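Quick note on labels: first sequence line is chain A, next is B, and so on, each numbered from 1. This is a predicted model, so every value here is computed, not measured.
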There are 2 protein chains.
Amino acid sequence: MYPEYFLYLNQKGNIMHQKLSEIIRERRSMLHLTQEDLAALAGVGLRTLKALEVGKGNPSLDTLQRLAEVLGMEVRLEVKRIDR
Amino acid sequence: MYPEYFLYLNQKGNIMHQKLSEIIRERRSMLHLTQEDLAALAGVGLRTLKALEVGKGNPSLDTLQRLAEVLGMEVRLEVKRIDR
DNA sequence: AGTAAAAGTGCATTATATTGCGCTTTCACT
DNA sequence: AGTGAAAGCGCAATATAATGCACTTTTACT
C-alpha cells in the first residue's frame, strides 16, 4: 500500500525526467496490458497509442484522459498561488 | 499567502464541479488579462482561446500547457496506487 | 443613452491528431 | 534456430483542433 504520487508534465509533454510516453508504457506493462488491450479499453485507436508510446504526438485532452482512466491515473491542474 | 491546490479533470474536461473553461476564465481575470493578452502570451490563437472559454473544444496537451504556463498552473498526472 | 473595450460567433482554411490496413521488426520462450 | 505474440512503421483517409477575418453582442464606464 504505497501512497499516490504526482508527475509533472512540462511544456514538451515530459514528466520530470521521464517522457509521457515512458510513463504510459511503464504503467501499462505494470498492469499487464498489451497496447491492444489498453487501446481497446480506453476506446483509443491502436495506432494512436502506438504513436504516443514512441514519443510522437500531442494528444488531445480527451485522448490523454481516456488512457489515464484505464491506467489508474488522473489528469490534474495544479493552481499555484499568486505572489504579490 | 495561500497554499497551492489541485483541480481534478474528469472525462468531460470538467474539474470537480467546475468546467475547465470556467477555471481558465476565472484565473485569467484574476490575473487581469484579456483574452487577447492571454492568447498572445501563451502563443495560442485568439479564436482557440475564445472557443475554449465558452466550453467548446478538446485542447491538445500542448495548447493546454501553453495556457497553464501563463496562468500559473501546471498539468499533472496523478498516479494512483494499484490495489491487489 | 453613448462609447469603447472585451467577448462571442459564423465561415473558410490550414494543420494535424486519429484511425485502419498491411507489413516488418523485435521480443520472449521453447 | 523456430515460433507466435507484441510492438513499430509507412501510407492514405478522415476527423477535428487551430487559426484568421469580419461582424455582432455584451460589458463597463461616463
Are the side chain of A:Arg28 and the backbone of A:Leu33 linked by a donor-acceptor contact shorter than 3.5 Å?
yes
What's the CG-C1' distance between B:Leu52 and D:dT16, to the nearest Å?
14 Å
By side chain to side chain donor-acceptor pair (under 3.5 Å), which residues pair with A:Ser60, not counting sequence neighbours?
A:Thr63, B:Asn58
Rounded to the nearest 0.5 Å, what separation is found between the CG atom of A:Leu67 and the CE atom of A:Met73?
7.5 Å
What's the angle between the local helix axes at either end of the helix from C:dA1-D:dT30 to C:dT30-D:dA1, using five pairs per end and rounding to 10 degrees?
70°
Can you find a pair of side-chain heavy atoms, one from B:Leu31 and one from B:Asp37, that are under 4.5 Å apart?
no
Just how far is it from atom CD of A:Glu53 to atom CD of A:Glu26, taken to the nearest 0.5 Å?
10.5 Å
Rounded to whole Å, please give me the gap between CG in A:Asp62 and P in D:dA17.
9 Å
If you round to the nearest 0.5 Å, how far is CZ of A:Arg27 from NZ of B:Lys80?
9.5 Å
To the nearest angstrom, how far is B:Gln35 atom CD from D:dT19 atom P?
14 Å
Applying a 4.0 Å non-hydrogen cut-off, can you work out what A:Thr48 is touching in the nucleic acid: base, sugar-phosphate, or nothing?
base
Restricting to side chain to side chain contact (heavy atoms under 4.5 Å, CB included), what partner residues turn up for A:Ser29, sequence neighbours left out?
none
Can you name the atoms? Protein N/O to nucleotides 20-30 of chain D N/O, anything below 3.5 Å, with the distance.
residue: D:dG20; atom: O6; partner: B:Arg47; partner atom: NE; Å: 3.2

Distance-only donor-acceptor hits, side chain of residues 45-52 of chain B, under 3.5 Å, sequence neighbours excluded:
residue: B:Lys50; atom: NZ; partner: B:Gln35; partner atom: OE1; Å: 2.9

With a 4.5 Å cut-off on side-chain heavy atoms, are A:Leu61 and B:Leu61 touching?
no
To the nearest Å, give me how far apart NZ (A:Lys56) and C1' (D:dC11) are.
13 Å
Residue pair B:Asn58/B:Val54 against DNA chain C: nearer the 5' end by closest nucleotide is B:Val54
From CA spacing to verdict: side-chain contact (heavy atoms from CB on, under 4.5 Å), A:Ile23, A:Leu71:
CA-CA 10 Å; A:Ile23 291 294; A:Leu71 295 175; over 6 Å; no
Outermost nucleotides of DNA chain C that come under 4.0 Å of a non-hydrogen atom of chain B:
C:dA6 to C:dC11
Which atoms form the tightest heavy-atom contact between A:Gly43 and A:Arg66, and what is the distance?
O-NH1, 3.5 Å
